[in-house]
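The structure under discussion appears below in the form of structure tokens.
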Amino acid sequence: MKRQSVGVVTAQLPKDGLPIMFVGERPGPEEEFFGKPMVGASGTSVFKPLLKAAGLPRNLVGIDNVFSHRPPDDNFRAWLVARDEVGPV
């Protein structure tokens, strides 16, 4: 997956932040382009409102993804099946 992706998305960890970490599944196209987690569709529709409701500033929480690369064609299940890591649906 790493060889076929456009870029890597690394964690955003504050120096003196809160002991709170948000973890997404994998980067989307926007995250891959900017190299930052939670800046795309999930970030604007779920993550940003969650932070606002909790009164947490983004720069004080940790943010990462389980996978640092976006799978080819953004199809994670097909990538796993091709690697024999999960059976077909």
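Just so you know, these numbers use all the heavy atoms, side chains as well, and skip hydrogens, waters and symmetry mates.
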Value rounded to 0.5 Å, distance of [atom1] in [X] from [atom2] in [Y]:
{"X": "Met38", "Y": "Leu51", "atom1": "CE", "atom2": "CG", "result": "9.0 Å"}
{"X": "Ile20", "Y": "Ile63", "atom1": "CD1", "atom2": "CD1", "result": "11.0 Å"}
{"X": "Phe22", "Y": "Asn65", "atom1": "CZ", "atom2": "CG", "result": "13.5 Å"}
{"X": "Arg26", "Y": "Phe67", "atom1": "CZ", "atom2": "CZ", "result": "10.0 Å"}
{"X": "Glu31", "Y": "Lys36", "atom1": "CD", "atom2": "NZ", "result": "11.0 Å"}

List the atom of [X], the atom of [Y], and the distance in Å for their closest heavy-atom pair.
{"X": "Gly62", "Y": "Leu13", "result": "CA-CD2, 4.1 Å"}
{"X": "Gly43", "Y": "Pro49", "result": "O-CD, 4.2 Å"}
{"X": "Thr44", "Y": "Val39", "result": "CG2-O, 4.5 Å"}
{"X": "Val9", "Y": "Pro27", "result": "CG2-CB, 3.5 Å"}

Side-chain touch Met21/Asp64, heavy atoms, less than 4.5 angstrom: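 They are in contact (side-chain heavy atoms under 4.5 Å apart), so the answer is yes.
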Same apolar cluster: Leu60 and Leu50, side chain cutoff 4.5 Å: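 Linked within one cluster.
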